[in-house]
Amino acid sequence: MKVFLNPGHCLGLDSGACGYGVTEAETAFKIACRVRDYLLAVNYDVYLFQFDGLEEIVTESNLWRSDLFVSIHCNALNGTARGTETFYCGSYDGELLAHCIQNQILAKLPTVNRGVKEYGFYVIKHTDCPAVLVETAFIDNVDDNTLLVEREDDFARAIALGITDYVKDYAS
Ligand SMILES: [Zn+2]
């Protein structure tokens with residue numbers, strides 16, 4: 001099973017959203033590294049790629065012939081919004097994968113369920129395989145920011161388990 005992990009934005013070039021001294025790019029990267037390690041431990045092939053060009057991300061994933069594509073982000077809005085949402089675009093398998101990941105995050109973390117949603121984010125619209133974009137939590141909300149900092153490993157374990165749940169139930 002080949003899983004392409006894309007932490008959103010780019011260390012040093014595009015920090016993404018920010019809150020309480022933490023950037024989205026570094027938080028997403030740290031979570032993605034842990035997801036990678038969990039998946040490598042169960043013999044998945046993993047390609048972790050963080051880049052500030054969306055076309056390049058899609059090209060890398062499609063050239064590598066990923067079986068699954070997972071982009072990891074942190075949200076930001078007005079300081080009061082909080083919670084987790086997972087997006088898919090135009091694919092039933094993507095929707096199933098999104099539910100598996102969303103359910104695992106809800107099971108492991110005291111987050112707010114903002115649901116599974118369809119939206120045409122570039123990287124999940126143009127990748128060839130089932131693809132999701134996880135908005136883990138709101139980096140500009142004090143409670144969510146604390147979760148991101150203190151429970152980074154739980155987010156990673158949940159995303160990895162969501163992926164393996166999907167593979168076990170729908171793709172094997
Ligand atoms: Zn983002």
Side-chain angles (χ1 to χ4, degrees), residues 3-36 46-62 66 68-91 94-95 97-102 104-106 108-109 111-127 129-160 162-163:
V3 179
F4 193 99
L5 296 176
N6 164 236
H9 311 278
C10 196
L11 295 174
L13 291 175
D14 165 21
S15 60
C18 303
Y20 301 94
V22 185
T23 71
E24 178 182 3
E26 64 178 329
T27 303
F29 182 75
K30 286 197 236 173
I31 292 172
C33 287
R34 290 177 184 262
V35 175
R36 175 196 60 198
V46 181
Y47 185 0
L48 189 155
F49 186 67
Q50 187 174 38
F51 199 73
D52 66 338
L54 301 180
E55 278 180 47
E56 288 86 347
I57 293 165
V58 168
T59 300
E60 285 298 303
S61 178
N62 290 346
S66 313
L68 300 173
F69 176 96
V70 178
S71 192
I72 299 170
H73 287 251
C74 309
N75 226 330
L77 185 62
N78 54 12
T80 55
R82 58 171 310 204
T84 303
E85 53 198 355
T86 305
F87 294 88
Y88 66 97
C89 178
S91 149
E95 184 177 1
L97 174 61
H99 278 285
C100 289
I101 291 174
Q102 182 77 7
Q104 282 288 353
I105 293 175
L106 295 177
K108 291 211 167 355
L109 286 144
T111 185
V112 173
N113 182 14
R114 298 174 68 91
V116 166
K117 300 171 182 174
E118 181 156 29
Y119 190 79
F121 290 113
Y122 188 90
V123 294
I124 57 173
K125 185 172 180 184
H126 295 283
T127 33
C129 60
V132 301
L133 186 147
V134 186
E135 290 282 6
T136 49
F138 282 73
I139 203 164
D140 65 344
N141 171 273
V142 65
D143 296 316
D144 270 19
N145 185 281
T146 301
L147 281 185
L148 287 167
V149 171
E150 294 182 356
R151 308 280 299 270
E152 174 190 298
D153 189 58
D154 288 318
F155 278 107
R157 271 163 30 100
I159 293 168
I163 292 167

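Atoms within each ligand, like the ligands themselves, are counted from 1 in listed order. From a predicted model like this one, the values you see are computed outputs, not experimental measurements.
Within a 6.0 Å sphere centred on OH of Tyr119, heavy atoms belonging to other residues, nucleotides or ligands number 12 at most. Crowding of Lys125 atom NZ: a count of heavy atoms from other residues, nucleotides or ligands under 6.0 Å not exceeding 12. No more than 12 heavy-atom neighbours from other residues, nucleotides or ligands sit within 6.0 angstrom of CD on Glu55.
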Determine whether Thr84 and Thr111 satisfy the following criterion, side-chain hydrogen bond (donor to acceptor under 3.5 Å, both in side chains), listing intermediate values before the conclusion. CA-CA 7 Å; Thr84 303; Thr111 185; 2.8 Å; yes

What's the verdict on side-chain contact (heavy atoms from CB on, under 4.5 Å) for Leu11 and Glu26, showing C-alpha distance, side-chain angles and the deciding distance? CA-CA 6 Å; Leu11 295 174; Glu26 64 178 329; 3.9 Å; yes

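Tested against Tyr20 for a side-chain contact (heavy atoms from CB on, under 4.5 Å), the candidates Thr146, Ile139, Asp144, Asn145 yield a single pass: Asn145.
Of all protein N/O/S atoms, those under 2.8 Å from the Zn ion (ligand 1) are His9 NE2, Glu24 OE2, His73 ND1, and waters are not counted.
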